[in-house]
Amino acid sequence: MNAPTDFSLRYDWGVEEIVAIHDQPLLDLVAQANAVHRRFHDVSDVQKAALLSIKTGGCPEDCSYCPQSAHHREVKLDRVDLMETADVLGAAKTAREAGADRFCMGAAWRSAPEGKRFDAVLDMVRGVRALGMEACVTLGMINESQAKRLVDAGLTAYNHNLDTGPEFYNEIITTRTYQDRLDTLKAVRGAGLEMCCGGIIGMGESVKDRAGMLQTLASFDPHPESVPINALVAVEGTPLAGRAQIDPLDLVRMIATTRIVMPKARVRLSAGRSSLSREAQILCLVAGANSIFYGEKLLTTGNAGVNEDDALFAALAAREATASAAS
C-alpha cells in the first residue's frame with residue numbers, strides 16, 4: 001500500500017480497507033503512520049495523563065475483562081465508595097507536580113448517578129481545572145443534561161470506550177448494548193465535550209473486529225479527539241484471566257492503523273504498557289502514539305513506574321540532553 005499523499009481526513013473508511021492497512025508489511029505500516037503523525041502533530045509532544053479510580057468496584061456490568069464487575073466474585077479487589085473531593089484534588093496536585101497535565105477520574109458506575117454524588121464529581125472537575133490541568137472523567141452512561149453540567153463545570157473530555165468492534169461486542173459484554181455506548185457518545189458530542197473513546201485488544205477478537213471498532217470511531221465527524229488503545233491486562237478471577245499477553249507488535253500495528261485512520265486524534269498508549277520493553281514503547285510512539293498514562297497505577301491495575309517513564313523520556317530526548325542527564 002502506498003503512503004498517503006493528500007493527508008485528507010476521512011469519515012467513510014470501510015472495514016476491509018482498514019484491515020488492509022493493518023496487515024501491510026510492518027515497516028511500511030509504521031513509515032506510513034509516522035508520516036501522517038508528523039503531518040498533523042509535533043512528534044515531541046507526548047502528553048502525560050494521570051488516572052485515578054474515584055469509586056472502585058461493585059459495578060453491575062459484566063464486562064469480561066474488568067475486575068470491578070460485581071459479577072466476578074473471585075476477583076480480589078478492595079471496594080471504595082466515592083472518594084472525598086479534597087483527596088482527589090490532592091492526588092491531582094501530586095500528579096501535576098510529577099509532570100502530568102491531564103487528570104482522568106474513573107468511577108465504576110453503570111450510569112452516572114444524580115444528586116450529591118454527581119455534584120461531588122462536578123466539584124472534582126472544577127478543582128482539577130483550577131490546578132491548570134485538563135480534566136477527563138469516565139462515569140458510565142450519561143444523559144444530555146449531565147453532559148451539559150459537566151461542560152459547565154469545565155470538563156475537558158469524557159471517556160467512554162467502545163471496547164471492541166460491534167460484531168465481537170456481545171462476546172465481552174451482555175449488560176449494555178453497543179447502541180447504549182453510542183448514545184452516550186452522542187450526548188458527549190452534543191454537549192460540546194471532547195470525546196475520549198477507544199478499546200482493548202487481546203480479548204480474543206479478530207483483526208476485522210479491531211478494524212470494526214476503528215471504523216465506528218472514524219465515522220464520527222469530527223473524529224474523537226482522543227483514542228486510547230489498551231492491551232488486555234488479564235486479571236485473576238475475571239473470565240479473561242487465562243488469556244496470554246498480546247505480541248507487542250500487535251499493539252504497534254493497532255496504534256499505527258489508528259493514527260492513519262484518525263490523523264488528528266491523540267492516540268493514547270494505555271493499559272498493558274507496563275509489559276512492554278522501552279524499545280517496544282518507543283516503536284509505539286514512532287507509529288503515532290502521543291500520550292501515555294503516567295503513574296504507578298491505572299484504575300485498578302499496575303502501570304509503568306514513574307522512574308521507568310522518566311528514563312523513557314530521557315531516551316527520547318536530544319542526545320546532548322541525554323548525555324548531560326547521565327553525567
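The analysis underlying the following values was restricted to heavy atoms, covering all of them including side chains, and did not include hydrogens, waters or symmetry mates.
Of the inter-residue distances, the one linking Asp163 atom CG with Cys197 atom SG reads 8.5 Å to the nearest 0.5 angstrom. Here the OH atom belonging to Tyr178 is positioned 7.5 Å from the CE atom belonging to Met213, to the nearest 0.5 angstrom.
Annotation: salt bridge (Lys or Arg N to Asp or Glu O under 4.0 Å) contacts involving residues 56-66, sequence neighbours excluded, comprise Glu61-Arg110, Glu61-Arg176.
In this structure, Trp13 contributes its side chain and Val261 its backbone to a donor-acceptor pair below 3.5 Å. Put simply, the side chain of Gln24 gets close to the backbone of Ile21: a donor and an acceptor are under 3.5 Å apart. Side chain of Arg38 to main chain of Ala33: no donor-acceptor pair is present (N/O by atom type, distance under 3.5 Å, no hydrogens or angles). Proximity of a side-chain donor or acceptor of Arg129 to a complementary backbone N or O of Met133 within less than 3.5 Å is detected. A side-chain donor-acceptor contact under 3.5 Å links Lys55 to the backbone of Ala108. His41 places no side-chain N or O within donor-acceptor distance of the main-chain N or O of Arg266, the cut-off being under 3.5 Å. Using modelled atom types, no side-chain atom of Asp123 and backbone atom of Ala120 make a donor-acceptor pair closer than 3.5 Å. At least one donor-acceptor pair closer than 3.5 Å links the side chain of Glu205 to the backbone N or O of Met203.
Nearest approach of Val151 to Ala191, heavy atoms of both residues: CG2-O, 3.4 Å.
A heavy-atom distance below 4.5 Å is not found between the side chains of Ile246 and Leu232. The shortest distance between side-chain heavy atoms of Glu194 and Ser226 does not fall below 4.5 Å. Side-chain contact check for Asn161 versus Pro228: some heavy-atom pair is nearer than 4.5 Å. Contact check for Ile142 versus Tyr158: side-chain heavy atoms found under the 4.5 Å cut-off. Between Thr164 and Ile200 there is no side-chain heavy-atom pair separated by less than 4.5 Å. Within the 4.5 Å cutoff, the side chain of Ile255 has no heavy atoms near those of the Leu283 side chain. Counting heavy atoms from C-beta outward, Leu185 and Leu162 have side chains that approach closer than 4.5 Å. By the 4.5 Å heavy-atom criterion applied to side chains, Met105 and Val125 are counted as neighbours.
With respect to Asp183 and Lys186, no salt bridge is recorded, no charged nitrogen being found less than 4.0 Å from a carboxylate O. A salt bridge does not link Lys264 with Glu225: none of the charged nitrogens is closer than 4.0 Å to a carboxylate oxygen.
Side-chain contact annotation: Asn230 with Tyr65, donor-acceptor N/O pair under 3.5 Å absent. Counting only N and O atoms by type, the side chains of Thr257 and Arg253 include no donor and acceptor under 3.5 Å apart. Checking Gln47 against Arg268 by side-chain atom types alone, a donor-acceptor pair falls below 3.5 Å.
For Phe118, the ring pair (Phe, Tyr, Trp, His ring centres under 6.0 Å) criterion is met by no residue, not counting sequence neighbours. Partners of Tyr11 according to the ring pair (Phe, Tyr, Trp, His ring centres under 6.0 Å) rule, which considers only residues two or more places apart in sequence or in another chain, are His223.
A continuous path of ILVMFWY side-chain contacts below 4.5 Å connects Met262 to Leu182, so both sit in one hydrophobic cluster.
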